[in-house]
Amino acid sequence: MSGKPVLHYVSVRGRMEPVKWLLAAAGVEFEERILKTKDDLQKLRTDGCLLFQQVPMVEIDGMKMVQTRAILNYIAGKYNLYGKDLKERALIDMYVEGMADLYDIIMNHDFKPANEKEKDLANIMDKATNRYLPVFEKVLKDHGHDFLVGNKLSRADVNLLETILMVEEFKPDALAKFPLLQSFKARMSNIPSIKKFLQPGSPRKPPLQEKDIPNLLAIFS
C-alpha cells in the first residue's frame with residue numbers, strides 16, 4: 001500500500017471533484033479507481049465498502065469514507081484547511097454550503113432536457129452573478145485579506161476558485177463586475193499546488209460531455 005488516499009468514482013466531473021481539488025491544494029497525491037461499469041459499483045456494494053451503497057468513496061487513514069461533505073470535512077481538518085477555531089470553521093462552513101447550492105444547480109445542468117437548457121443556464125447565471133458572487137466580493141472587501149477566512153488558505157478558498165472556474169465555463173466574463181474576485185482568482189491560481197492541478201494532464205476533470213451521459217446513467221441506474 002502506498003499510503004495515498006484512494007478515490008473511487010466514475011471518470012467524469014461530479015461529486016468527487018471537490019475532493020480532488022482539496023487534496024491537490026493540500027499537496028497530497030492520490031490514486032483514482034475508476035468505476036467503468038455497473039458491476040464495478042456493485043462489487044464495492046457487495047464487498048461492504050459503501051456505507052450507504054453509493055459513491056464517492058475515499059479510502060484514507062484506514063477508513064472507507066462516504067458522503068462528500070464528511071470526506072471534505074475530514075480532509076480539511078487533517079491538512080489544516082479548516083480554520084484555527086470554531087468561529088473560523090463556522091464561517092468556512094457557511095461559505096462552502098452557500099457555494100454548494102450553486103454547485104448543485106451547475107452540475108444538474110447537463111441532465112436537463114434539451115428544451116430546458118437555455119432557461120436553466122439563464123437561471124444559473126442569474127443566481128451566480130446576482131446572489132452568490134456578490135456575497136464573496138463583499139466578504140473579500142470587508143475582510144480585507146487575501147483569503148476568505150483568517151489570513152490563511154482554507155477549504156472555502158479552494159471551493160470558491162473551483163466554483164468561479166465552473167461559472168466561467170458558461171460565461172467567460174462572469175467576473176467582469178467583481179474586481180476583488182478577479183484578483184482572488186489570480187492569487188489562488190498561482191498557489192503552486194493549485195497551479196499544478198490546473199495544468200493539462202492533471203486529475204482535474206473537464207465538463208461533462210453529452211456522449212458520457214448514457215454510460216453514467218447505466219452505472220448508477
Does [X] pair with [Y] as a salt bridge, N-O distance under 4.0 Å?
X: D47; Y: K43; value: yes
X: D40; Y: K38; value: no
X: R15; Y: D104; value: yes
X: K4; Y: E31; value: no
X: K78; Y: D61; value: yes

Treating [X] as the side-chain partner and [Y] as the backbone partner, does any N or O pair qualify as donor plus acceptor under 3.5 Å?
X: D85; Y: E88; value: yes
X: K141; Y: L180; value: no
X: H143; Y: G150; value: yes

Practice task
Please tell me if the side chains of S154 and R89 come closer than 4.5 Å, counting only heavy atoms from C-beta onward.
Solution key: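 With C-beta onward as the side chain, the pair stays apart.
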
Problem - Any I34 side-chain heavy atom under 4.5 Å of V10 side chain - result: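 When only atoms from C-beta onward are counted, V10 and I34 do not touch, as no gap falls below 4.5 Å.
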
Exercise for the section: Could you walk me through whether D126 and R131 pass the salt bridge (Lys or Arg N to Asp or Glu O under 4.0 Å) test, one step at a time? Expected result: CA-CA 8 Å; D126 175 64; R131 180 183 296 184; over 6 Å; no

Exercise for the section: Look up atom NE2 in H8 and atom NZ in K64, then write down how far apart they are to the nearest 0.5 Å. Expected result: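 H8 NE2 to K64 NZ: 7.5 Å, rounded to 0.5 Å.
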
Identify the heavy atoms of [X] and [Y] that sit nearest to each other, and give their distance.
X: K185; Y: L175; result: CD-CD1, 4.1 Å
X: M16; Y: P56; result: CE-CB, 3.5 Å
X: L72; Y: L22; result: O-CD2, 3.6 Å

Using atom types as modelled, flag every donor-acceptor pair under 3.5 Å from a side chain in residues 190-199 to any protein atom, sequence neighbours excluded.
from	atom 1	to	atom 2	distance (Å)
N190	ND2	A186	O	2.9
S193	OG	A25	O	2.8
Q199	NE2	K195	O	3.0

Exercise for the section: Verify the neighbour count for atom CZ of R45: are there more than 12 heavy atoms of other residues, nucleotides or ligands below 6.0 Å? Expected result: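 Yes - once you tally the heavy atoms of other residues, nucleotides and ligands closer than 6.0 Å, there are more than 12.
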
Problem - Residue among E17, E32, E162 satisfying salt bridge (charged side-chain N to carboxylate O under 4.0 Å, His left out) with K205 - result: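 When E17, E32, E162 are each tested with K205, the salt bridge (charged side-chain N to carboxylate O under 4.0 Å, His left out) holds only for E32.
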
Exercise for the section: Begin with the C-alpha distance, continue with both residues' side-chain angles, and end with the deciding distance and a verdict on side-chain contact (heavy atoms from CB on, under 4.5 Å) for V167 and L102. Expected result: CA-CA 9 Å; V167 171; L102 178 58; 4.2 Å; yes

Handout entry: Flag for N73-Y82: side-chain donor and acceptor within less than 3.5 Å
Key =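 Short answer, yes.
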
Practice task
Answer with yes or no whether the side chains of K112 and N108 bring together a donor and an acceptor at under 3.5 Å.
Solution key: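 No, no side-chain donor-acceptor pair sits under 3.5 Å.
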
Handout entry: Option from I213, N215, L208 for which side chain to side chain contact (heavy atoms under 4.5 Å, CB included) with V12 holds
Key =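 That would be L208; it is the only one of I213, N215, L208 passing the side chain to side chain contact (heavy atoms under 4.5 Å, CB included) with V12.
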
Problem - Partners passing salt bridge (Lys or Arg N to Asp or Glu O under 4.0 Å) against K138 (at least two apart in sequence or in another chain) - result: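 Result, salt bridge (Lys or Arg N to Asp or Glu O under 4.0 Å) vs K138: D142.
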
